[in-house]
Amino acid sequence: MSRILLTTTIPYVNARPHLGFALELVQADVLARHHRLLGDEVRFQTGTDDNSLKNVRAAEAEGIAVRDLVDRNAAEFARLAGPLSLSCDDFIRTSADPRHRSGVERFWRACSADLYRRHYEGLYCVGCEQFYPSDEQCPEHDAPLQRVSEENWFFRLSRYRDELYGLIDSGRIRVEPAERRNEILAFIAAGLSDFSVSRSQARARGWGIPVPGDPGQVIYVWWDALGNYLTALDYAKGEHGHWWSGADRRIHVLGKGVLRFHAVYWPAMLLSAGEVPPTDILVHDYLTVDGRKISKSALSGVGGGQGAPGVLSAVGGASAEVCPGASGSLDVSGRSGGGLAGTDLSAVDPIGLVEAYGVDAVRWWLLREVPRVGDVDFTARRLIARHDGELADGLGNLVNRVVSMVHRYRDGIVPEARETALDEVRGQARGLVIEALEAFDFRAATAAVYAVAEEANRYVNRVEPWRLAREGSPRLDAVLGTLVATCRELADLLAPFLPDASVRIAGQCRGERLADPVPLFPHHRPRGPAPARASSVLSSHPSPVTAGRAGG
RNA sequence: GGGGCGGUAGCUCAGCCGGUUAGAGCAGGGGACUCAUAAUCCCUGGGUCGCGGGUUCGAGUCCCGCCCGCCCUACCA
């Protein structure tokens, strides 16, 4: 039994949550549930990064107070837990949680040996909130840049280069997949320079956590945000030992866009503060929706007609576009803020998807079809194909036919007898799931579970229980007993991945006498001779083909 | 500009340190069965493995160059 801390990144709350972040939450949730079932002591935490300047800008755009915008949107993120069936133990908000500010201040002081002031001067665009190297116009705003000269705090990252390299190279900090590990090693090898960890109150617009002892400066949002991993553990009170240094594993789940912060900056900060680094950094790639990046414009207007801006940018890393306007996004319309008329906005809203297709379908797609490396395109069509093909026709139908046969041939009474036919697959599945999840491979894990259902379906066809019943064969008891036991095991195997479905399957297979069979996963595909009706089912998630251009 | 990663059957993807006729799922085609959510099961895939060179007895699998996509980073002002 191990003690395991699992975290997701905490997203900016300048917009509502989208499917990309749901991916990260679900991945972390699966790992949390998996380890709890293995008997490990698990803490799974998430939260929101309220202190980003992005939030300030979003509030200004909407004409409301930052506090209000942040509170409203953070609630949207917190609300994901229910619809997505997340088993979070904690949710920390960097602007509102009393543990955070005091924790960040303490953490800052703990790093004081590596913090120093340095003069900085550059050309700054107020609109972009960033410095530009040239003395020309701001490329985004066509406005003149301002010469800003100020002193900021810097963190002595450079001195940790060799140590960081060694930690990652040796696997003491495991970066998964290996492609990301190589990437970050190359980055470190190229040299690390000290980075700025504060900005003036003016540039921060007075939003954020002031530097302890230097109220004219605000702590850099990344320093602040990364700190959540510790502050949520009551670092401020010095009570983080149980879940940080005391944990066997400290696992961060994040998107590829924020790898550097988690594999370089954060471990260095921890070392500086005298804390142990994380043990696992699990990196996922991004989602696109109907072939488009999940971006600012794609979400415009989703927020209750307020023209809610925004990319869910993010510490979240799960977002497709991390730094709008500055990252060279290919999203042409991002500049004007005009929404993409043709983009299926609702498809990026995880709650909307759950309402339309159910949490099992959404989780199954995220786990089953997102590869370890490489972006994937989400479409309602693909989600439906997975759901109907595997959950409904494969798994659901298996349970349904088994329960039906038990009723038809044995009055619902589950026979005691067993055969060994399915023992091998069932045994294999357990091991494969553990192996796959250890490798951060959700597709392989779900494939191993699904393989049990497939094998069970083959077993039914091979054995032909209906024939045994006709012939009055005594073998029928053992066959039915085996199948019910297998369905029960499927419920167990599925628990970390599809907790809701797991409960429903277990409900169908519980007890000496089974309940009447009920379809567990109603189809979502358009069916029957009434295409009009079918299309209404899909209206909120039109196919990419029809949706893509329709409104444009 | 630099660094990293991708580009494999219509679609989505597996292919570890190079080695017999390049695989899976889905879709498509054919068949079987009837317990079941018109579900299931069986058979059926011959694709320049992005392009061009090279190394090797032998290369999706290694090296070089190029093209395309994505990520990070920089932008010799």
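What you see is a predicted model, and the numbers here were worked out from it, not measured in a lab.
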Please measure how far the P atom in B:C11 lies from the corresponding atom in B:G47, and state the result in whole Å.
14 Å
Separation between the P atoms of B:C71 and B:G31, rounded to whole Å:
48 Å
Grab the OH-P distance between A:Tyr286 and B:C5 for me, whole Å please.
17 Å
Using the C1' atom as the reference point in each nucleotide, state the distance between B:U56 and B:G18 in Å, no decimals.
9 Å
Between A:Ala263 and A:Leu164 the two heavy atoms that sit nearest each other are O-CD2, 4.4 Å
Round to a whole Å and report the spacing from CZ of A:Arg458 to P of B:A39.
19 Å
Nearest-Å distance, CG (A:Leu398) to P (B:U40)?
11 Å
Considering only side-chain heavy atoms of A:Asn182, which listed nucleotide, B:A39, B:C5, B:C72, is closest?
B:C5
Provide the distance between the two C1' atoms, one in B:C16 and one in B:G3, to the nearest whole Å.
25 Å
Here's a test for you: under ring pair (Phe, Tyr, Trp, His ring centres under 6.0 Å), which of A:Trp153, A:Phe154, A:Phe155, A:Trp266 qualifies with A:Trp223?
A:Phe155
Using heavy-atom distances to pick each residue's nearest nucleotide on RNA chain B, tell me which of A:Met405 and A:Gly394 is more 5'.
A:Met405
Is there a side-chain polar atom (N or O) of A:Arg260 under 4.0 Å from OP1 or OP2 of B:U73?
yes
Atom CG in A:Leu493, atom CZ in A:Arg488: separation rounded to 0.5 Å?
14.5 Å
Of the listed B:C71, B:A39, B:C35, the closest approach to the A:Lys256 side chain comes from B:C71
Among the candidates B:C41, B:A36, B:G4, find the nucleotide nearest to the side-chain atoms of A:Asn400.
B:A36
Regarding B:G28, purine or pyrimidine glycosidic angle vs 90° from 0 gives anti
Result for 5'-nearest mapping on RNA chain B, choosing between A:Glu183 and A:Glu454, is A:Glu183
In dot-bracket form, how is RNA chain B paired, counting a Watson-Crick or G-U wobble pair only if both its distances are under 3.5 Å and using | for bases paired to another strand?
(((((((..((((.....[...)))).(((((.......))))).....(((((..]....))))))))))))....
Would you indicate what A:Ala186 reaches in the nucleic acid, counting non-hydrogen atoms under 4.0 angstrom: base, sugar-phosphate, or nothing?
sugar-phosphate
Expressed in whole Å, how much space separates the C1' atoms belonging to B:A38 and B:U12?
26 Å
Evaluate the ring planes of A:Phe261 and A:Trp222, with Trp represented by its six-membered ring, and classify them as parallel (under 30°), tilted (30 to 60°) or perpendicular (over 60°).
parallel
What's the gap between B:C13 and B:G6 when it is taken at their C1' atoms, as a whole Å value?
12 Å
Tested for side-chain contact (heavy atoms from CB on, under 4.5 Å) against A:Arg174, the lone hit among A:Leu282, A:Ile251, A:Leu167 is A:Leu282
Taking B:A27 as the reference, what is the distance to B:U44 when you measure between their C1' atoms (whole Å, please)?
13 Å
I need the CD-P distance between A:Glu176 and B:C16, as an integer number of Å.
16 Å
Value in whole Å for how far the P atom of B:A74 lies from CG of A:Leu192
12 Å
NE2 (A:His524) and CZ (A:Arg386) are apart, to the nearest 0.5 Å, by 15.0 Å
Please work out which of the three classes, parallel, tilted or perpendicular, describes the rings of A:Phe195 and A:Tyr265, given edges at 30° and 60°.
parallel
Point-to-point distance, once rounded to the nearest 0.5 Å, from CZ of A:Arg363 to CG of A:Leu391
12.0 Å
Over how many whole Å does the gap from A:Leu391 atom CG to B:A36 atom C1' extend?
16 Å
Side chains of A:Thr8 and A:Phe21: closer than 4.5 Å at any heavy-atom pair?
yes
Can you classify the ring geometry of A:Tyr229 versus A:His262 as parallel (below 30°), tilted (30 to 60°) or perpendicular (above 60°)?
tilted
Would you call A:Glu183 and A:Val175 a side-chain contact if the rule is heavy atoms closer than 4.5 Å?
no
Using whole Å, what does the distance between atom C1' of nucleotide B:A27 and atom CG of A:Asp388 come to?
14 Å
Please produce a list of atom pairs where a protein N or O lies less than 3.5 Å from an N or O of nucleotides 29-34 of chain B.
from	atom 1	to	atom 2	distance (Å)
B:U34	OP1	A:Arg470	NH2	3.2

Would the A:Trp365 and A:Tyr357 ring centres measure less than 6.0 Å apart?
no
Could you give me the CA-CA distance, side-chain angles and deciding distance for A:Ile434 and A:Arg430, then say whether side-chain contact (heavy atoms from CB on, under 4.5 Å) is met?
CA-CA 7 Å; A:Ile434 291 173; A:Arg430 294 271 171 193; 5.5 Å; no
Selection from B:C35, B:C42, B:U40 that lies nearest to any side-chain heavy atom of A:Asn397
B:U40
In this structure, how many angstroms lie between the P atom of B:U37 and the CZ atom of A:Arg401, rounded?
11 Å
Close side-chain approach of A:Ile281 and A:Leu254, heavy atoms under 4.5 Å
yes
Please report the distance separating the C1' of B:U48 from the corresponding atom of B:A32, rounded so that it comes out in whole Å.
39 Å
Please list each protein N or O that sits under 3.5 Å from an N or O in nucleotides 10-14 of chain B, with the distance.
from	atom 1	to	atom 2	distance (Å)
B:U12	O2'	A:Arg382	NH2	3.3
B:C13	O3'	A:Arg443	NH2	2.7
B:C13	O2'	A:Arg443	NH2	2.8

